There are 2 protein chains.
Amino acid sequence: MDDIQTPGRLVTLTDVAREAGVGESTVSRVLRNHGSYSKRAGERVAEAVARLGYVPNRLAGSLAGQGASARLVGVVIPSLANVVFPDLLRGLTSALDAASIPCVIGVSDYDPDREEALVAALLSWRPAALLLTGLEHTPGTVALAKAGGVRVVEMIDTDGEGIDAVVGFSNRAVGAASARHLVARGYRRIAYLGHDLAVDLRAGKRLAGFEQTLGEAGLTLQAKEIRLGPSSPAAGRAGLEALLARRPDLDAVYFSNDDMALGGYFACLAAGLAVPGRLALFGFNGLDFAAAMPQPLSTVRTPRLEIGRQAAACLTGDGPKTIDLGFELIEGATA
Amino acid sequence: MDDIQTPGRLVTLTDVAREAGVGESTVSRVLRNHGSYSKRAGERVAEAVARLGYVPNRLAGSLAGQGASARLVGVVIPSLANVVFPDLLRGLTSALDAASIPCVIGVSDYDPDREEALVAALLSWRPAALLLTGLEHTPGTVALAKAGGVRVVEMIDTDGEGIDAVVGFSNRAVGAASARHLVARGYRRIAYLGHDLAVDLRAGKRLAGFEQTLGEAGLTLQAKEIRLGPSSPAAGRAGLEALLARRPDLDAVYFSNDDMALGGYFACLAAGLAVPGRLALFGFNGLDFAAAMPQPLSTVRTPRLEIGRQAAACLTGDGPKTIDLGFELIEGATA
DNA sequence: AACCGGATTGGCAGCGCTGCCAAACTGCGA
DNA sequence: TCGCAGTTTGGCAGCGCTGCCAATCCGGTT
């Protein structure tokens with residue numbers, strides 16, 4: 001009865017077996033509820049576990065188990081600063097928690113090389129699956145992902161070829177729908193206000209779809225304002241002020257996302273510009289605040305949580321390779 | 001020269017050793033750059049690794065290594081819906097990435113029992129450290145954390161006793177400072193508008209500090225409006241409308257956070273109430289948008305990223321047990 | 001030519017667990 | 001009483017890696 005644990009030594013399955021007076025295999029069977037064991041054995045093991053405060057070592061378990069892959073998934077996202085990605089994680093974890101599979105996360109800061117490094121690092125934990133953001137990766141990332149022998153799911157973007165499974169929506173289509181909406185409402189002198197496109201490729205795809213549709217309607221983008229750095233209301237406000245100083249005749253602005261649009265709305269409020277009478281505003285994402293604004297923001301709601309959930313669902317079973325979850329245009333009152 | 005891998009079998013260190021024509025130990029030494037090896041050995045191993053596309057198995061590495069603890073940290077946060085927690089993770093990952101230590105995350109949904117389950121699950125991966133949110137945990141969580149033999153850091157809140165290390169600020173002090181500000185500005189008929197306090201204990205602590213300071217100034221809270229569910233601009237807007245319907249004579253409202261305050265601001269805009277002339281608004285957190293509003297929001301900026309960074313710093317070395325990072329009151333223009 | 005200290009190297013046990021197998025046990029009919 | 005099929009059990013190899021140790025190598029000495 002040596003209850004005092006040496007600080008460094010944690011309780012092992014062998015300890016539990018000795019304490020319960022059964023074999024190691026029996027303990028293992030009981031703990032995983034796998035294979036058959038007597039009621040008596042189950043009770044003795046449960047008691048011993050409680051008495052010893054045993055916490056299984058999943059490193060060892062995963063190593064020994066078949067396939068040798070751990071019951072955890074690796075997730076690489078470009079940023080945590082943009083609500084979109086926490087929302088994605090939210091959908092993911094809500095679905096994964098049920099199976100008590102934790103996420104190991106890596107943040108790439110929109111840097112493809114960093115993403116590659118993170119993928120290598122995450123694969124070294126032998127995850128059951130790898131979840132990436134977007135479809136654009138370095139050749140090295142693709143090679144690693146393919147050689148890793150794990151299910152790979154690319155989230156958010158469906159405009160292109162995926163490695164394995166893809167869950168998201170078409171950013172091009174979002175841009176196109178946004179343009180159609182503005183054109184239908186009679187706006188003609190339209191500008192774009194966005195954050196850094198070189199790093200946020202999906203925003204670039206939306207803009208491409210937007211411009212193409214504008215072109216098909218015989219219109220051209222009147223101006224394009226790109227603010228360096230991440231998207232934010234502050235960038236949106238400053239950007240809109242700069243844009244209007246350059247082109248006071250604009251009648252509508254398409255923003256790279258709702259954060260930028262909120263800043264634009266603030267700029268209009270501060271300058272006393274009527275929205276949408278004097279200037280129409282159109283966002284992207286359908287964030288919470290958009291509906292609470294004095295004039296609900298015209299935007300496109302993206303199925304962020306649902307993407308996370310479906311991505312989790314992809315991990316088990318072999319559903320379809322590409323799931324397009326679509327999006328919803330919210331008319332709002334700003335455009 | 002059997003380059004074709006059987007799908008199921010991944011390249012192991014032994015394969016690399018054979019390919020490079022050296023011993024396993026040498027490969028291990030080269031890969032970890034630990035111990036001494038010749039330049040020639042280093043090159044041969046590097047070539048073999050590249051040729052085979054070897055990705056080390058950290059499950060095995062951690063199991064075999066001394067201490068048997070994995071180079072990853074477990075993080076439990078209550079939610080991903082509130083920007084605060086992604087910000088925390090942001091600070092954490094930015095500091096941890098340098099050491100290429102990934103985070104395994106668990107989301108408790110503000111449920112202490114769920115937190116306990118997550119702690120047990122995370123500990124089974126033998127993380128190098130465990131990061132929790134707040135100071136209130138079930139006895140089981142505390143017992144697990146203490147028995148886990150890992151460094152435990154509790155983030156955000158310093159109002160109480162921690163298990164091991166604590167990094168954050170005093171929520172009571174935030175509430176007190178906010179109250180002092182409103183009182184000094186001459187507001188007397190002050191109300192509180194918050195989200196569910198039973199689950200967000202830190203908001204409760206702020207309110208306690210707020211009410212106490214109000215009392216010391218001879219004032220009482222005129223009304224308290226609690227909206228069920230998570231904080232959001234929509235809840236803030238609806239809440240303020242309800243509050244004003246009940247008590248039209250209020251001259252200031254203290255919000256549980258900036259999201260709620262933004263909703264309140266929208267409500268004022270929509271109702272044509274002058275801010276702060278007719279009604280003053282005071283928030284909490286100092287989010288990005290607060291500074292971009294037509295009238296910058298009066299609020300308290302919390303060091304969220306810094307908490308994450310300092311928490312990461314706590315993991316290595318034994319700094320002080322409690323780090324109070326303070327906060328900054330932003331005067332703004334809404335109170 | 002024999003010697004020496006340090007740098008470099010490979011073999012192998014063992015981390016904690018699981019999967020496999022054979023042994024032991026059970027109840028029941030012959 | 002014995003045998004049999006099914007259930008329950010424990011022993012042990014081995015997952016891929018690291019840490020330890022002893023063996024080997026190297027360059028310069030005596």
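Numbered from 1 within each chain, the chains take letters A, B, ... in sequence-line order. None of these values were measured; they are calculated from a predicted model.
With hydrogens and angles ignored, a donor-acceptor pair under 3.5 angstrom links the side chain of A:Ser25 to the base of D:dG11.
What separates CH2 of B:Trp125 from P of C:dC15 is a distance of 20 Å, to the nearest Å. Following rounding to the nearest Å, B:Leu52 (CG) and D:dG16 (C1') show an atom-to-atom distance of 15 Å. Per the geometry, CG belonging to B:Leu10 stands 15 Å off C1' belonging to D:dC17, to the nearest Å. Protein atom CZ of B:Arg18 is 19 Å distant from nucleotide atom P of C:dT9, rounded to whole Å. Straight-line distance from the CG atom of B:Leu63 to the P atom of D:dC17: 12 Å, rounded to whole Å. The CG atom of B:Leu31 sits 16 Å away from the P atom of D:dG16 (whole-angstrom rounding). If you measure from atom CG of A:Leu59 to atom P of D:dT18, you get 13 Å, rounded to the nearest angstrom. Regarding A:Lys39, its NZ atom lies at a distance of 17 Å from the C1' atom of D:dT7, rounded to whole Å.
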> Run the salt bridge (charged side-chain N to carboxylate O under 4.0 Å, His left out) check on B:Asp164 and B:Lys146 step by step: do they pass?
Replying inline: CA-CA 8 Å; B:Asp164 183 4; B:Lys146 283 188 171 161; over 6 Å; no
>> For a side-chain hydrogen bond (donor to acceptor under 3.5 Å, both in side chains) check, start with the C-alpha distance between A:Arg304 and A:Thr302, then their side-chain angles and the critical distance, and finish with the verdict.
In response: CA-CA 6 Å; A:Arg304 302 181 296 282; A:Thr302 54; 3.1 Å; yes
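The side chain of B:Tyr37 contributes no N or O atom lying less than 4.0 Å from OP1 or OP2 of C:dG10. Listed pair B:Arg58 / D:dC17 fails the phosphate criterion, with no side-chain N or O lying under 4.0 Å from OP1 or OP2. Phosphate contact (OP1/OP2 of D:dT8, side-chain N/O of A:Ser36, threshold under 4.0 Å): present. An OP1 or OP2 oxygen of D:dT9 is reached within less than 4.0 angstrom by no side-chain nitrogen or oxygen of A:Thr26. Between A:Ser28 and the phosphate of C:dG19, there is no side-chain N or O to OP1/OP2 separation shorter than 4.0 Å. Residue B:Arg32 places at least one side-chain N or O under 4.0 Å from the OP1 or OP2 atom of D:dG19.
Using a cut-off of 4.0 Å between Lys/Arg side-chain N and Asp/Glu carboxylate O, B:Glu47 and B:Arg44 are scored as not salt-bridged.
The residue B:Ala41 sits close only to the backbone: its heavy atoms come under 4.0 Å of sugar-phosphate atoms, none of a base.
Toward the 5' end of DNA chain C, the nearer of the two residues A:Thr12 and A:Arg29, judged by each one's closest nucleotide, is A:Thr12.
Judged purely by atom type and a 3.5 angstrom limit, A:Asp157 uses its side chain to pair as donor or acceptor with the backbone of A:Asp159.
Nearest heavy atoms, A:Ser69 versus A:Pro127: CB-O, 4.2 Å.
Distances from the side chain of B:Asn57 to the nucleotides D:dG16, C:dC17, D:dT18 place D:dG16 closest. Taking only side-chain atoms of A:Ala64, from C-beta outward, the nucleotide of D:dG10, C:dC17, D:dG19 with the closest atom is C:dC17. Here the side chain of A:Ala60 is nearest to one of C:dC17, D:dG10, D:dG16, namely C:dC17.
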